[in-house]
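What you see is a predicted model; the values in this text were computed from it and never measured.
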Amino acid sequence: MAASWLKNAVFYEIYPQSFYDANGDGIGDFAGISEKLPYVRSLGCNAIWLNPCFDSPFRDAGYDVRNYKLAAPRYGTNEELKALFDKAHSLGIRVLLDLVPGHTSEEHPWFVSSGSEEPTEYDDRYIWTNHAFARGDGMPFIGGDQPRWGTYIINFFKCQPALNYGYYNIHEPWQQSIDAPGPLATREAMKDVMRFWLRLGCDGFRVDMADSLVKNDPGDRPGTCAVWRDLLGTMHAEFPEAAFVSEWNNPELALNCGFDMDFYLNWGGNGYAVMMRNYDEPAFGQTPQRNESYFSKDAHTSAVAMLKDYLPKYTRTKDAGLWCWISGNHDTTRLAPLLDERERRLAFAFLFTMPGAPFLYYGDEIGMSYLPRRTKEGGYQRTGSRTPMQWTNGRNLGFSEAEGEKLYLPVDSAPDAPNVAEQEADPDSFLNFTRSLIALRGAWEELGNYAPFAVYRAEEGSRLFAYKRGSLLVAMNPSGESLSLPLDGAYSPLFTIGDTSLAGKSLILGAQSFALLRPEA
């Protein structure tokens with residue numbers, strides 16, 4: 001059974017490097033996050049996903065772990081991370097850490113030992129071929145880099161050797177089955193890592209590249225699912241209130257092999273892209289062109305294209321766990337400037353009235369923009385979504401007291417760059433609009449994470465989209481012209497954006513409008 005607190009969880013993703021610098025060295029830290037926890041709670045968020053914070057060379061922003069049981073010194077100590085957990089819990093906030101189970105840094109002691117010329121206990125912790133010039137059987141590999149007489153498989157960048165969870169289909173003598181001693185030892189090592197942090201006080205994990213464990217695994221990932229059933233079955237038995245969310249974007253696999261949640265990500269022009277981020281990937285260092293997604297006023301997109309992707313998967317998995325919508329994350333271009341503020345208000349109204357636990361990326365609540373930046377720590381085009389949080393209009397926008405050249409990344413230099421302090425004082429700001437949406441979600445059980453969802457109206461060629469959450473009716477019109485929605489009964493408004501009105505048995509939705517209605521008794 002999933003952790004009980006997931007029923008009402010609203011997550012806030014924090015990129016620790018860029019959130020708040022408490023010690024003035026130009027980079028965010030645990031003390032800074034702890035100081036800003038009351039702000040997170042004031043949003044209505046009661047859970048945090050903290051991006052990687054383990055010891056690392058940071059060649060991929062911490063997704064290259066050098067020591068799974070040591071906090072990165074640039075952020076603080078294990079004791080300071082525990083203090084963050086404790087303070088969060090005192091405020092009613094749960095904390096998920098970012099787990100990278102598929103690979104480590106090439107500087108991890110396990111890998112250094114496995115790459116030595118002499119046999120060690122870690123020889124089978126990674127995937128090594130049996131010859132210095134052997135190729136990777138279709139997988140990316142590195143040769144000539146270590147004393148060991150073999151090449152090794154990588155998961156992502158060159159600096160990220162793949163941990164050995166075995167092969168489902170074995171083609172080469174150096175490939176091991178998922179139940180061989182080496183892969184089994186890797187599983188036990190990862191269980192040990194999770195136990196370490198759960199005992200220290202974290203509340204679960206977001207799991208990076210969750211489908212990457214077993215190699216030569218067919219499309220339905222039977223090997224990887226078997227491994228996750230073992231890993232998560234053990235963790236759920238030992239820590240029943242821990243929660244696990246996968247970076248998989250395939251709820252039919254992820255939720256049925258033990259994860260409590262899966263992300264709906266912008267992969268391959270899917271339904272998420274149709275609604276939120278339908279644009280051409282920007283060239284490196286360039287701002288993306290205007291979004292052509294459903295919420296863009298001038299687009300011609302209907303919600304039908306999204307529903308063709310979303311609805312069958314939601315229907316088949318709604319009883320297995322949560323498929324979660326996101327405002328963005330550290331790997332995606334921010335919604336601003338893809339959508340203007342009115343368009344983003346409609347997108348957020350959608351985000352916070354859909355099923356699944358919503359995930360809000362830091363800064364999206366004030367409309368922080370994607371900023372073309374030189375690559376930092378393997379970010380490349382993603383770097384522009386990882387810039388410092390904008391707290392005030394003062395020095396470094398309130399992120400740090402350090403000299404500008406010492407900052408992790410340059411802050412937004414635009415004279416109208418949004419910031420928390422100014423938006424706190426404006427009742428009509430995007431920040432306070434976001435708060436009102438999260439509060440509304442929390443006030444109505446029928447808007448909860450597991451509450452039912454059903455399509456009410458969506459037609460090809462129409463910008464009108466309406467759906468039911470229990471008895472509540474949600475309707476939106478992102479277009480520039482007024483549209484009418486026939487109603488199946490008498491309703492009264494709970495929350496609206498733009499010009500909306502009830503006329504007899506119809507709801508009139510003006511240009512770029514939204515309405516949440518409740519049935520009249």
Requested in this report: Show your working on ring pair (Phe, Tyr, Trp, His ring centres under 6.0 Å) between F350 and W325 and close with a plain yes or no.
Outcome: CA-CA 10 Å; F350 168 77; W325 291 83; 4.9 Å; yes
Query raised in the report: F259 and W228: ring pair (Phe, Tyr, Trp, His ring centres under 6.0 Å), yes or no, with the steps?
Result: CA-CA 8 Å; F259 283 98; W228 279 120; 4.8 Å; yes
Query raised in the report: Could you go step by step and tell me if M354 and F453 meet the side chain to side chain contact (heavy atoms under 4.5 Å, CB included) rule?
Result: CA-CA 8 Å; M354 285 292 285; F453 165 86; 3.6 Å; yes
**Report entry** Verdict with reasoning, R435 to S42, per side chain to side chain donor-acceptor pair (under 3.5 Å)
**Finding:** CA-CA 8 Å; R435 282 189 172 127; S42 78; 2.8 Å; yes
Query raised in the report: For W5 and N46, what are the C-alpha separation, side-chain angles and deciding distance, and is it a side chain to side chain contact (heavy atoms under 4.5 Å, CB included)?
Result: CA-CA 9 Å; W5 56 271; N46 54 13; 5.9 Å; no
Report task. I would like to know whether N477 and S479 meet side chain to side chain donor-acceptor pair (under 3.5 Å); could you show each step before the answer? Result -> CA-CA 6 Å; N477 169 26; S479 78; 2.7 Å; yes
Requested in this report: Tell me, with the steps shown, if L335 and M276 meet side chain to side chain contact (heavy atoms under 4.5 Å, CB included).
Outcome: CA-CA 8 Å; L335 282 179; M276 308 283 279; 4.2 Å; yes
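Within a 6.0 Å sphere centred on CG of D220, other residues, nucleotides and ligands contribute more than 12 heavy atoms. Within 6.0 Å of atom CD in E341, more than 12 heavy atoms from other residues, nucleotides or ligands are found, so the atom counts as buried in its surroundings. For R395, the CZ atom counts as densely surrounded, since its 6.0 Å shell holds more than 12 non-hydrogen atoms of other residues, nucleotides or ligands.
Applying the ring-ring contact (aromatic ring centres under 6.0 Å, His included) criterion to F399, with sequence neighbours excluded, gives no partner residue. Taking F263 as the reference, W49, F359 meet the ring-ring contact (aromatic ring centres under 6.0 Å, His included) condition, with sequence neighbours excluded. Taking the salt bridge (Lys or Arg N to Asp or Glu O under 4.0 Å) definition, one finds that R344 meets it with nothing, sequence neighbours left out. Looking at residues two or more places apart in sequence or on another chain, you find a salt bridge (Lys or Arg N to Asp or Glu O under 4.0 Å) between E252 and R316.
Taking the charged nitrogens against the carboxylate oxygens, D331 and R386 do have a contact shorter than 4.0 Å, which makes a salt bridge. In summary, D60 and R382 engage in a salt bridge, as defined by a charged side-chain N under 4.0 Å from a carboxylate O. Taking the charged nitrogens against the carboxylate oxygens, E343 and K297 have no contact shorter than 4.0 Å, which rules out a salt bridge.
Note on ring orientation: taking the six-membered ring where Trp is involved, the planes of H89 and F85 are parallel (angle under 30°, cut-offs 30° and 60°). A perpendicular orientation is assigned to the rings of F19 and Y362, their planes being inclined by more than 60° (bins at 30° and 60°).
Across every non-hydrogen atom of V474 and R469, the tightest pair is CG2-CG, 4.5 Å. Considering all non-hydrogen atoms of both residues, F433 and R345 come closest at CZ-O, 3.4 Å. Of all heavy-atom pairs between L517 and P493, the closest is CD2-CA, 3.6 Å. In terms of heavy-atom proximity, L509 sits nearest to A475 at CD1-CB, 3.9 Å.
A distance-only check finds a donor-acceptor pair linking the side chain of E365 to the backbone of G363 [under 3.5 Å]. Counting only distance, with no hydrogens or angles, the side chain of R277 and the backbone of L265 share no donor-acceptor pair below 3.5 Å. The backbone N or O of S385 sits less than 3.5 Å from a side-chain atom of Y361, completing a donor-acceptor pair. A side-chain donor-acceptor contact under 3.5 Å links S296 to the backbone of N291. A donor-acceptor pair under 3.5 Å is formed between the side chain of Y456 and the backbone N or O of D488.
Counting only residues at least two apart or in different chains, ring-ring contact (aromatic ring centres under 6.0 Å, His included) contacts with residues 483-521 are absent.
One side chain, Y467 or T353, offers a donor N or O that lies under 3.5 Å from an acceptor on the other. Between the side chains of D262 and S246, at least one donor N or O lies within less than 3.5 Å of an accepting N or O. Defined by atom type and a distance below 3.5 Å, a donor-acceptor pair is missing between the side-chain atoms of T332 and N266.
The line from CG of D260 to SG of C324 is 9.5 Å long, rounded to the nearest 0.5 Å. In this structure, the separation between CD on E446 and CG on L473 is 11.5 Å, given to the nearest 0.5 Å.
You'll find the side chain of E238 reaches within 4.5 Å of the side chain of T234, heavy atoms only. Contact of the C257 side chain with the R221 side chain is not registered, since no non-hydrogen atoms from C-beta on lie closer than 4.5 Å.
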Could you tabulate the donor-acceptor pairs under 3.5 Å formed by side-chain atoms of residues 301-311, not counting sequence neighbours?
residue: T301; atom: OG1; partner: E292; partner atom: O; Å: 3.2
residue: S302; atom: OG; partner: V304; partner atom: N; Å: 3.2
residue: D309; atom: OD1; partner: K313; partner atom: NZ; Å: 2.9
residue: D309; atom: OD2; partner: Y264; partner atom: OH; Å: 2.4
residue: D309; atom: OD2; partner: G271; partner atom: N; Å: 3.1

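With Y12 as the aromatic partner, R94 does not meet the cation-pi criteria of under 6.0 angstrom to the ring centre and within 45 degrees of the ring axis.
Shown are E377, H330, Q160; of these, the side chain to side chain donor-acceptor pair (under 3.5 Å) with Y63 is made only by H330.
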